[in-house]
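Atoms considered below: every heavy atom in the structure, side chains included; atoms not considered: hydrogens, waters and symmetry mates.
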Amino acid sequence: MRNPGKAVLLGVALAVTVALSACGERDQVTVYKQGKYQGKPDTKPWENDPGASLYTTSKWSKGDQTSWESALKARNLAQNEYNRVE
């Protein structure tokens, strides 16, 4: 090697640069406006499509609250361990 002191000095300079760059993180604070919701608006759960999945067996009509509630009740009853054992 030509000069091992230069390599050590370069390594120390690189370490100091990396250490100092870690101190430069900015604050990540969201500014909220009072009384204004800035997210996307939510829809009613029964206004969505039932969702085609292998794991769901409940079906309801899109936009029909009573059919959605009955599908939800049927799903909850299927999760009752006392009813499933018998």
Side-chain angles (χ1 to χ4, degrees):
M1 292 181 83
R2 294 183 189 170
N3 191 353
K6 273 190 173 182
V8 171
L9 185 62
L10 183 63
V12 169
L14 183 63
V16 168
T17 304
V18 169
L20 287 177
S21 68
C23 296
E25 184 178 355
R26 297 181 185 173
D27 291 336
Q28 298 177 0
V29 177
T30 304
V31 179
Y32 294 103
K33 296 177 184 175
Q34 184 65 27
K36 300 209 176 185
Y37 177 67
Q38 297 181 359
K40 72 175 187 131
D42 293 332
T43 60
K44 304 288 184 195
W46 51 85
E47 291 176 357
N48 297 323
D49 287 326
S53 176
L54 297 173
Y55 307 110
T56 59
T57 58
S58 60
K59 299 291 182 194
W60 68 89
S61 303
K62 181 178 179 180
D64 185 13
Q65 181 178 359
T66 55
S67 70
W68 179 80
E69 287 175 350
S70 64
L72 193 65
K73 287 178 187 177
R75 188 184 80 185
N76 288 342
L77 287 175
Q79 293 177 351
N80 188 349
E81 292 296 324
Y82 292 112
N83 293 341
R84 291 172 67 187
V85 171
E86 295 175 0

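Considering every non-hydrogen atom in both Lys62 and Glu47, the closest pair reads CE-O, 3.1 Å. Here the shortest heavy-atom pairing between Ser67 and Ser61 reads OG-N, 3.2 Å.
Grouping the Ile, Leu, Val, Met, Phe, Trp and Tyr side chains by contacts below 4.5 angstrom, directly or via other members, places Leu20 with Val12.
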